[in-house]
Amino acid sequence: MSSWARFFADRSLWWTLGGLEEPNAGRSEAQWHTFWSRYRKVCPKHPIFQQKTEEQLRRTAAVVLHGDEGRSLKKSALMVLSCHSLLGKGSGVEGGAGDADAFDAQRLNFLGHTLATRWLLAVLPRHMYADGRAGNFQAVLAALAEDARRLCDKGVRGKDGVPFYLCVLHVVGDWPFLQKAFQYTRGFGNSSKRATTRGIPKGICHICRADQPGYPFEDFSSAEPRWRSTEDTCPAYSTPPPLLQKLLHEREAPSRLAAQDLFHGWHLGAGKVFVSSCIALLADFFPARSMDGRFELMTNHLRTWARAHRQQVYIRKLTRDVIGWPHATEYPTGGWSKGSTTLALLRWVIFVFGERRNAIDLGSLVHIAWLAATEANAFFSGLYRESLWIARPRAQELAGHGLAFLHLNGRAAKVAHDQNRPLFLFMPNLHRLHHIFFFLKDQAANSDAEYALSPLAFSCQLEEDFVGRPSRISRRVDVRTSMARTLERVLMASYSKFVECGWIVP
């Protein structure tokens with residue numbers, strides 16, 4: 001990471017870390033001053049505020065460390081580690097006025113080519129960290145974390161001798177990566193499969209004791225579920241991993257260093273299960289002699305709707321395989337692989353429910369599913385229109401939509417169970433969403449803070465695009481030198497994008 005920092009400092013490109021379109025040192029400092037001023041209100045005990053002066057914070061960029069596995073040669077896994085700034089050029093759908101247009105613009109880092117906005121740090125073939133070689137992976141993370149800590153403590157100096165700093169605020173990624181990186185003993189794979197088990201459940205969450213005896217993660221109706229009182233009371237590791245030993249984080253809340261990922265939690269997780277169950281319900285509204293015929297009618301309706309509303313669904317047609325529902329006796333789980341498909345299908349489901357409103361009985365399973373879908377869409381459509389920071393009243397409203405969805409989804413699962421219909425499967429990703437919604441609600445309840453930090457700051461949809469790039473390159477280089485050649489070729493591609501952006505003049 002220090003190599004990237006020196007590159008930005010030596011070439012006077014620090015302003016690019018804030019998503020600016022042209023060099024402006026004063027505006028860059030104003031951006032980071034505003035960011036840290038607001039972050040101090042929502043996270044006052046972070047050590048960065050004891051270590052850095054106000055003047056130093058103006059030149060301290062906040063970044064996140066990301067990791068995920070891509071597909072290398074012969075479908076073998078390739079661990080890709082990268083980092084990026086929390087500030088960027090926005091999401092492209094912001095509401096217009098406010099932070100996005102201000103002198104100290106606080107925008108999400110969603111726009112721009114990922115080779116320009118994400119910085120590759122390391123690649124590691126599977127045989128280097130799997131099959132009892134986890135120590136290699138931890139050694140790489142330790143080296144990266146130590147380098148990042150020096151960069152936060154001492155920084156790098158620009159051409160005029162002024163120091164610049166980078167601070168890793170969070171580590172992001174899907175649950176399998178976080179479990180490997182932090183060596184968690186509790187995770188999504190430990191969820192109880194039945195009401196009574198021989199062994200004591202280990203728990204599914206590294207933050208709290210959810211799914212352990214007396215702390216059900218399926219409680220989505222209580223204002224304060226019991227697991228809330230157990231956050232950061234029981235570490236999910238036997239010894240602190242290198243990331244926790246070296247990176248700055250809140251000592252009273254170490255679990256916050258690993259941020260919750262909304263993309264894998266909803267778009268590729270609980271959202272797929274929920275939308276698939278809704279589509280299974282919709283089949284009753286499309287009369288045909290067979291289930292295949294009903295899905296054919298739904299496909300035609302979806303295509304017409306997508307053209308009219310300019311939505312890209314990325315599926316050729318709806319089938320039982322697409323929604324992961326081979327038999328009526330099994331739970332639909334969603335068979336698509338693109339996260340944007342989840343939100344597109346969610347909007348279509350709401351549209352179809354609205355068209356058939358006269359045929360929907362109040363309080364029925366379909367009606368509850370319709371209400372739940374509406375709440376989920378209100379949360380996500382509203383969230384994407386916000387900048388990096390969300391005004392307190394708006395954050396409270398969005399958190400309310402998210403919590404309402406979980407409550408209604410739980411009601412739908414209960415009604416479906418009573419009717420002996422396998423729909424609306426409960427999965428650990430619902431608990432991850434529960435944490436995200438409470439994270440937003442807790443910030444909005446802080447009377448000292450005017451803003452809440454958007455959960456999209458830690459969402460990994462752009463990282464999915466970035467991880468694919470070194471993965472594809474690794475399939476085209478000599479396997480004996482795959483790590484070095486992959487790094488070199490990605491850096492060459494990044495250089496080309498920097499030239500294309502006008503940041504470098506050859």
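These numbers come from a predicted model, not from an experiment. These numbers come from the heavy atoms of this one structure, side chains and all, not from hydrogens, waters or symmetry mates. This chain uses plain numbering: 1 for the first residue, then up along the sequence.
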Engineer: May I have the step-by-step check of side-chain contact (heavy atoms from CB on, under 4.5 Å) for W15 and Q31, ending in yes or no?
Structural biologist: CA-CA 10 Å; W15 52 274; Q31 284 182 298; over 6 Å; no

Engineer: Tell me, which pairs form a salt bridge (charged side-chain N to carboxylate O under 4.0 Å, His left out) where one or both residues lie in residues 304-330, sequence neighbours left out?
Structural biologist: none

Engineer: Determine which pairs satisfy salt bridge (charged side-chain N to carboxylate O under 4.0 Å, His left out) with at least one residue from residues 451-471, sequence neighbours left out, and list them in order.
Structural biologist: R118-E463, D465-R469

Engineer: Quick one: list whatever passes ring pair (Phe, Tyr, Trp, His ring centres under 6.0 Å) with F466, sequence neighbours left out.
Structural biologist: none

Engineer: Got a sec, which residues hit ring pair (Phe, Tyr, Trp, His ring centres under 6.0 Å) with H66, two or more places apart in sequence or on another chain?
Structural biologist: none

Engineer: Measuring only between side-chain heavy atoms, which start at C-beta, is P254 closer than 4.5 Å to D232?
Structural biologist: yes

Engineer: Do D174 side-chain atoms and F177 backbone N/O form a donor-acceptor pair below 3.5 Å?
Structural biologist: yes

Engineer: Output yes when a side-chain donor or acceptor of Q260 lies under 3.5 Å from a complementary backbone atom of I436, and no otherwise.
Structural biologist: no

Engineer: What distance separates L166 CG from C152 SG, expressed to the nearest 0.5 Å?
Structural biologist: 8.5 Å

Engineer: Please enumerate all residues that pass ring pair (Phe, Tyr, Trp, His ring centres under 6.0 Å) together with F8, with sequence neighbours excluded.
Structural biologist: W119

Engineer: Look up atom SG in C208 and atom CZ in R186, then write down how far apart they are to the nearest 0.5 Å.
Structural biologist: 7.5 Å

Engineer: How far apart are the closest heavy atoms of Y384 and F110, and which atoms are they?
Structural biologist: CE2-CE2, 3.9 Å

Engineer: Whether the side chain of N109 engages the backbone of S85 through a donor-acceptor N/O pair (distance < 3.5 Å, no angle test) should be reported.
Structural biologist: yes

Engineer: For F274, what residues pass the ring pair (Phe, Tyr, Trp, His ring centres under 6.0 Å) criterion, not counting sequence neighbours?
Structural biologist: F405, F424

Engineer: Pairs in or reaching into residues 263-276: which pass salt bridge (charged side-chain N to carboxylate O under 4.0 Å, His left out), with residues at least two apart or in two chains?
Structural biologist: none

Engineer: Going by the angle between their ring planes, with limits at 30° and 60°, are F498 and W4 parallel, tilted or perpendicular?
Structural biologist: tilted

Engineer: Please work out which of the three classes, parallel, tilted or perpendicular, describes the rings of F437 and F379, given edges at 30° and 60°.
Structural biologist: perpendicular

Engineer: Please name all residues satisfying side-chain contact (heavy atoms from CB on, under 4.5 Å) with C43, sequence neighbours left out, ordered by chain then number.
Structural biologist: Y39, H46, E250, R256

Engineer: Closer than 4.0 angstrom, basic N to acidic O: yes or no for D219 and R228?
Structural biologist: no

Engineer: Under 3.5 Å, side chain of S459 to main-chain N/O of L456, donor-acceptor pair present?
Structural biologist: no

Engineer: Pair up each side-chain donor or acceptor in residues 367-377 with any protein partner under 3.5 Å, not counting sequence neighbours, and list the distances.
Structural biologist:
from	atom 1	to	atom 2	distance (Å)
H367	ND1	G363	N	3.2
T374	OG1	W370	O	2.8
E375	OE1	H401	ND1	2.7

Engineer: Quick check against the 3.5 Å criterion: does H309 have a side-chain atom that pairs as donor or acceptor with the backbone of W305?
Structural biologist: yes

Engineer: Say whether, by atom type as modelled, one donor and one acceptor occur between the side chain of H170 and the main chain of V168 under 3.5 angstrom.
Structural biologist: no

Engineer: Carefully, step by step, assess E231 and H435 under the rule side-chain contact (heavy atoms from CB on, under 4.5 Å).
Structural biologist: CA-CA 10 Å; E231 293 182 351; H435 272 293; 3.4 Å; yes

Engineer: Considering residues at least two apart in sequence or located in another chain, which fulfil the side-chain contact (heavy atoms from CB on, under 4.5 Å) criterion with E252?
Structural biologist: K45

Engineer: Please report the closest heavy-atom contact between S471 and L78, naming both atoms and the distance.
Structural biologist: CA-CD2, 4.0 Å

Engineer: Should the pair H431 and H434 be assigned to parallel (<30°), tilted (30 to 60°) or perpendicular (>60°) ring geometry?
Structural biologist: perpendicular

Engineer: If you measure from CG on L365 to OG on S277, what distance do you get to the nearest 0.5 Å?
Structural biologist: 9.0 Å

Engineer: Looking at V123 and P470, what are the two nearest heavy atoms and their distance?
Structural biologist: CG1-CB, 4.4 Å

Engineer: If you look at every heavy atom in F458 and V172, which pair is closest and at what distance?
Structural biologist: CB-CG1, 3.8 Å

Engineer: Minimum heavy-atom separation for A258 and F182, please, with both atom names.
Structural biologist: CB-CE1, 3.7 Å

Engineer: Ring centroids only, cut at 6.0 angstrom: are W175 and Y184 within range, meaning strictly under it?
Structural biologist: no

Engineer: Could you give the distance from CD (E29) to CG (L57), rounded to the nearest 0.5 Å?
Structural biologist: 11.5 Å

Engineer: Residues in salt bridge (charged side-chain N to carboxylate O under 4.0 Å, His left out) with E450, at least two apart?
Structural biologist: none

Engineer: Are the side chain of S276 and the backbone of G334 linked by a donor-acceptor contact shorter than 3.5 Å?
Structural biologist: yes

Engineer: Does V63 reach the side chain of L86, with side-chain heavy atoms less than 4.5 Å apart?
Structural biologist: no

Engineer: I'd like to know whether CZ of R226 has more than 12 heavy-atom contacts from other residues, nucleotides or ligands below 6.0 angstrom.
Structural biologist: no

Engineer: So which atom in P422 and which in N420 form the shortest heavy-atom distance, rounded to 0.1 Å?
Structural biologist: CD-O, 3.9 Å

Engineer: Using modelled atom types and a 3.5 Å cut-off, is there a donor and acceptor pairing between side-chain atoms of T319 and backbone atoms of V322?
Structural biologist: yes

Engineer: Roughly how far, to the nearest 0.5 Å, is CG of L433 from CH2 of W266?
Structural biologist: 7.5 Å

Engineer: For the backbone of S364 and the side chain of D361, can you confirm whether one donor and one acceptor N or O come within less than 3.5 Å of each other?
Structural biologist: no

Engineer: Looking at CD of Q443 and CH2 of W389, how far apart are the two atoms once the value is rounded to the nearest 0.5 Å?
Structural biologist: 7.0 Å

Engineer: Under the salt bridge (charged side-chain N to carboxylate O under 4.0 Å, His left out) definition, can you give me all pairs with a residue in residues 338-360, not counting sequence neighbours?
Structural biologist: none

Engineer: So that I know where these two stand, are Y314 and W336 an aromatic pair - ring centroids less than 6.0 Å apart?
Structural biologist: no

Engineer: Taking the inter-plane angle between the rings of H301 and F351 on a 0 to 90° scale, is it parallel (under 30°), tilted (30 to 60°) or perpendicular (over 60°)?
Structural biologist: tilted

Engineer: Using only atom types and a distance under 3.5 Å, with no angle test, would you say the side chain of E386 pairs donor to acceptor with the backbone of S454?
Structural biologist: no

Engineer: With the threshold set at 4.0 Å, does a side-chain nitrogen-carboxylate oxygen contact exist between D68 and K180?
Structural biologist: no

Engineer: Looking at F286, does the NZ or CZ of R294 lie under 6.0 angstrom from its six-membered ring centre and within 45 degrees of the ring axis?
Structural biologist: no

Engineer: Above 12 or not: heavy atoms from other molecules or residues under 6.0 Å from CD of Q419?
Structural biologist: yes

Engineer: Mind checking whether F426 and F220 have ring centres under 6.0 Å apart?
Structural biologist: yes

Engineer: Given side-chain contact (heavy atoms from CB on, under 4.5 Å), test Y215 with C205 step by step and report yes or no.
Structural biologist: CA-CA 11 Å; Y215 304 99; C205 182; over 6 Å; no

Engineer: Could you go through D442 and N446, starting from their C-alpha distance and side-chain angles, then the distance that decides it, and tell me whether this counts as side-chain contact (heavy atoms from CB on, under 4.5 Å)?
Structural biologist: CA-CA 7 Å; D442 292 342; N446 183 359; over 6 Å; no

